[in-house]
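Please read the structure below before turning to the comments.
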Amino acid sequence: NRTPNGSTTFSGSTQRTIAIVTADGAINTGTGARPNTFAPFCAVTDNGRNIWQTSNGSGLKYKTENSPNTLDTTLLSTPANYSSVYIYNDELYFTSPESPRIGKLVGGLPYKSNQTFTTLPGYPDAGSPTQLIFLDNDTSNPQPDLLYVTDYAANSLQKWVFDGTN
């Protein structure tokens, strides 16, 4: 966050905004993020109205377009720190510098608190994954079978192939 004099602030009281950019380039900045969300990292939407947001220190959250900064639902609070959130095949995935590193919420795209998650089979409980992309090389199975992950701690880009078990 930049102040008018150019200095940078990282305060729990600084207002945050989630911007939605449509395919035609329209920008909607009407969705607020909580001031106590110290470091919002990533947000994703499935339709421009439902928003899932990650942050450093306040969990994985759900909110709707144009909702005020005080209205959100904490889906997961443990781990507390999240790097990114993704939608693949109507499933919500996240990355975290804490265990479980990469996970998938159970039951699709959640809207309510106290969700559960599963970890990706075969992915180690180490490192600090930040960004990822799923690809589906085996079109006979709708699940992703190729994963690229950037890892902040290892300063690397990793390739993972799912063999059906791990």
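We count residues from 1, following the sequence as given.
Here T17 contributes atom OG1 and N28 contributes atom CG; the two are 10.0 Å apart, rounded to the nearest 0.5 Å. For the atom pair OG1 of T74 and CG of L60, the computed distance is 8.5 Å after rounding to the nearest 0.5 Å. I18 contributes atom CD1, which lies 5.0 Å from atom CD1 of I51 (distance to the nearest 0.5 angstrom). Note that the CG atom of D46 and the CG atom of D90 stand 7.5 Å from one another [nearest 0.5 Å].
Relative orientation of the F94 and Y82 rings is perpendicular, given thresholds of 30° and 60° on the angle between their planes. Between Y93 and Y88, the ring-plane angle classifies as perpendicular under the 30° and 60° cut-offs.
Listed for the D24 side chain is a donor-acceptor partner under 3.5 Å among the backbone atoms of A26. Using modelled atom types, no side-chain atom of R101 and backbone atom of P129 make a donor-acceptor pair closer than 3.5 Å. The main-chain N or O of S84 is found under 3.5 Å from a side-chain atom of T95 such that the two form a donor-acceptor pair. With hydrogens and angles ignored, the 3.5 Å screen pairs a side-chain donor or acceptor of D145 with a backbone N or O of N137. In this structure, the side chain of S128 does not engage the main chain of Y152 through any donor-acceptor pair within 3.5 Å. Y123 places no side-chain N or O within 3.5 Å of a backbone atom of I102 that could act as its donor or acceptor partner. Distance alone, capped at 3.5 Å, places no donor-acceptor pair between the S77 side chain and the G59 backbone.
One hydrophobic cluster, built from ILVMFWY side chains closer than 4.5 Å, cannot hold both L135 and W160; they sit in different ones. Taking hydrophobic clusters as Ile, Leu, Val, Met, Phe, Trp and Tyr residues chained together by side-chain heavy-atom distances below 4.5 Å, V44 shares a cluster with F117. Note on L132 and I87: separate hydrophobic clusters, where clusters join Ile, Leu, Val, Met, Phe, Trp and Tyr whose side-chain heavy atoms are under 4.5 Å apart, directly or indirectly.
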Go through the steps to decide whether Y148 and L157 satisfy the test side-chain contact (heavy atoms from CB on, under 4.5 Å), and finish with yes or no. CA-CA 7 Å; Y148 287 95; L157 174 64; 4.3 Å; yes
Test W52 against Y111 for side-chain contact (heavy atoms from CB on, under 4.5 Å), laying out the working first. CA-CA 9 Å; W52 293 269; Y111 306 100; 3.9 Å; yes
Might you work through the side-chain contact (heavy atoms from CB on, under 4.5 Å) test for E65 and T45, ending with a clear yes or no? CA-CA 9 Å; E65 175 191 25; T45 181; over 6 Å; no
side-chain contact (heavy atoms from CB on, under 4.5 Å) between F162 and L147: does it pass, once the steps are laid out? CA-CA 8 Å; F162 183 62; L147 170 67; over 6 Å; no
For side chain to side chain donor-acceptor pair (under 3.5 Å), just list the numbers for T130 and T150, CA-CA rounded to whole Å, side-chain angles, deciding distance to a tenth of an Å, and then say yes or no. CA-CA 6 Å; T130 51; T150 59; 2.7 Å; yes
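Within a 6.0 Å radius of CG in N47, more than 12 heavy atoms belonging to other residues, nucleotides or ligands are found.
Smallest separation of non-hydrogen atoms from N81 and S96: O-OG, 2.6 Å. Closest heavy-atom contact between P79 and E98: CB-OE1, 3.3 Å. Scanning both residues, D138 and S140, for their nearest heavy atoms gives OD1-OG, 2.5 Å. When every heavy atom of Q115 is checked against every heavy atom of L76, the shortest pair comes out as O-CD2, 3.1 Å. L109 and E91 get closest at one heavy-atom pair: CD2-C, 4.0 Å. What you find for T73 and K112 is that their closest heavy atoms are CG2-C, 3.8 Å.
Of the listed residues (T118, T119, L92), just one forms a side-chain contact (heavy atoms from CB on, under 4.5 Å) with K104, and that residue is T118.
Looking at heavy atoms from C-beta onward, P100 lies out of side-chain contact with D125 at the 4.5 angstrom threshold. Between Y62 and S67, every side-chain heavy-atom pair lies at or beyond the 4.5 Å cut-off.
Looking only at atom types and distance, the side chain of Q53 has no donor-acceptor partner in the side chain of D72 under 3.5 Å away.
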